[in-house]
Amino acid sequence: MEPTENTTNELIARIESKYSKLSKGQKRLADYVRQNYDKAVFLTAARLGEIVGVSESTVVRFATQLGYKGYPGFQKALEELVRNKLNSIQRMEVTYGRISQSEILETVLHSDIEKIKQTLSAIDHKAFNLAIDTILGAEKIYVIGIRSCAPLASFLSFYLNLVCQDVTAVTTNSSSEIFEQLIRINEKDVIIGISFPRYSMRTLKALEFASNRKAKVITLTDSVHSPMNLYSSCNLIARSDMASIVDSLVAPLSVINALIVALCMKKQDEVVSTLETLEKIWGEYQVYSGDELNPVSGTVSVENDGKDTEGR
């Protein structure tokens, strides 16, 4: 069986264990990768060979010698290493050192598109369907996401509330508060944990606590090797950007959108009934009459205390 290619520090471990058996050229490659992995991750095999002073075929043999499926497998391991090694400042330096100011918009949008494509090609449809069934079968649903993942958790919780009966967005001001909110979780419930590098220990501990209480655990994370999957029976994998000061969470949000749509289709009659009720409530209590911008005949009017004022 081929060894796993994406374990966080496995690439360095492989290099160290095989170093004495490498050729002179391969040793130069190994030395360069260990010292400059943040730059090597963006190089083609030909370019890496050119920098180190070896042929492209030597680079490919080097990757194979380490046990990877050619250079693409080696590059994936490099990506995983960089994702977990670089801090935010280093990631910013790597990103903005590669692109000019005029290319930022196009580069970032194309990168996000690529992340969605990678997610689509690799996502486990069985896991996705299992997540839907697990959520629908749960008595109570908990959702947790911390730091940059908090908006994803909030978005998911908001729409789950329209579909399901009992949804709790776990607030995360402190570790103790998390456990207080999860104190009644049991085998009839499900917790959805969202975390991407750098992974949140508080989220991981929450999933461990829920698992110990026999609750079902669903994770949304970036890799099968993510620590978030330790306690999960259902893993949803979405690619995130690994070399930027801003975490790219476009692909995870797309997976969340798909979850919500799938749940709505499963409970279509109930969702329609809920929305009809909400429309009546919104109208009765003027939820959208005093604080919303309404486009009218090419102009924007602002409703304020029952009086329309043309936006200027």
Side-chain angles (χ1 to χ4, degrees), residues 1 4-7 115-146 149-170 178 181-182 184-197 199-200 203-240 249-271 274:
M1 184 170 122
T4 302
E5 293 188 354
N6 286 326
T7 303
K115 294 296 179 295
I116 292 176
K117 288 180 178 178
Q118 291 170 353
T119 298
L120 180 60
S121 65
I123 198 163
D124 186 339
H125 290 267
K126 289 183 179 179
F128 181 83
N129 292 331
L130 176 60
I132 298 299
D133 293 338
T134 301
I135 292 169
L136 290 174
E139 197 167 276
K140 187 175 179 68
I141 302 163
Y142 297 84
V143 182
I144 183 169
I146 293 175
C149 292
L152 293 178
S154 178
F155 183 89
L156 177 57
S157 300
F158 176 84
Y159 282 100
L160 282 178
N161 267 306
L162 299 179
V163 181
C164 304
Q165 292 289 333
D166 198 347
V167 179
T168 295
V170 179
I178 292 174
Q181 293 168 80
L182 294 175
R184 293 183 178 86
I185 195 169
N186 59 52
E187 69 277 359
K188 297 178 182 179
D189 304 329
V190 62
I191 184 169
I192 304 171
I194 306 172
S195 190
F196 292 82
Y199 305 108
S200 165
T203 301
L204 182 62
K205 290 296 183 183
L207 300 186
E208 179 184 12
F209 180 86
S211 178
N212 289 339
R213 296 299 188 278
K214 308 301 182 185
K216 297 174 180 66
V217 179
I218 297 172
T219 56
L220 176 58
T221 188
D222 69 314
S223 167
V224 292
H225 305 292
S226 165
M228 294 302 117
N229 296 333
L230 287 172
Y231 306 102
S232 173
S233 57
C234 182
N235 309 321
L236 300 176
I237 306 300
R239 293 298 299 270
S240 65
L249 299 176
V250 172
L253 182 58
S254 289
V255 173
I256 287 173
N257 283 340
L259 274 175
I260 294 165
V261 171
L263 288 166
C264 287
M265 295 304 294
K266 289 275 190 176
K267 301 183 71 173
Q268 196 166 357
D269 293 340
E270 293 175 52
V271 172
T274 298

Report task. Mark yes or no for whether S254, through its side chain, and V250, through its backbone, hold a donor-acceptor pair below 3.5 Å. Result -> yes
Requested in this report: Show your reasoning for whether side-chain contact (heavy atoms from CB on, under 4.5 Å) applies to N186 and R213.
Outcome: CA-CA 5 Å; N186 59 52; R213 296 299 188 278; 5.7 Å; no
Query raised in the report: Would I144 and I194 count as a side-chain contact (heavy atoms from CB on, under 4.5 Å) if you check the C-alpha gap in whole Å, the side-chain angles of each, and the deciding distance to 0.1 Å?
Result: CA-CA 6 Å; I144 183 169; I194 306 172; over 6 Å; no
**Report entry** Verdict with supporting geometry, I218 and T134, side-chain contact (heavy atoms from CB on, under 4.5 Å)
**Finding:** CA-CA 9 Å; I218 297 172; T134 301; 4.1 Å; yes
Query - Intermediate values then yes/no, side-chain contact (heavy atoms from CB on, under 4.5 Å), K266 and I132 - result: CA-CA 9 Å; K266 289 275 190 176; I132 298 299; 4.1 Å; yes
Query raised in the report: Just how far is it from atom OG1 of T168 to atom CG of L182, taken to the nearest 0.5 Å?
Result: 9.0 Å
Query raised in the report: Would you find more than 12 non-hydrogen atoms of other residues, nucleotides or ligands less than 6.0 Å from N212 atom CG?
Result: yes
Query raised in the report: Judged by atom type as modelled, is there a donor-acceptor pair below 3.5 Å linking the side chain of D222 to the main-chain atoms of R239?
Result: no
Report task. Keeping to residues at least two apart or across chains, list the side chain to side chain donor-acceptor pair (under 3.5 Å) pairs with something in residues 151-167. Result -> K140-D166
**Report entry** Inter-residue atom distance I185.CD1 - K216.NZ, 0.5 Å rounding
**Finding:** 10.5 Å
Query raised in the report: Looking only at atom types and distance, does a side-chain atom of T221 sit under 3.5 Å from a main-chain N or O of S195, one as donor and one as acceptor?
Result: yes
Query raised in the report: Is the side chain of N229 donor-acceptor paired with the backbone N or O of S223 at a distance under 3.5 Å, no angle test?
Result: yes
Query raised in the report: For the side chain of T203 and the backbone of G193, is there at least one donor-acceptor N/O pair under 3.5 Å apart?
Result: no
Report task. Can you sort out the partners of Y231 under ring-ring contact (aromatic ring centres under 6.0 Å, His included), two or more places apart, ordered by chain and number? Result -> none
Query raised in the report: Does S211 reach the main-chain N or O of L207 with its side chain, forming a donor-acceptor pair under 3.5 Å?
Result: no
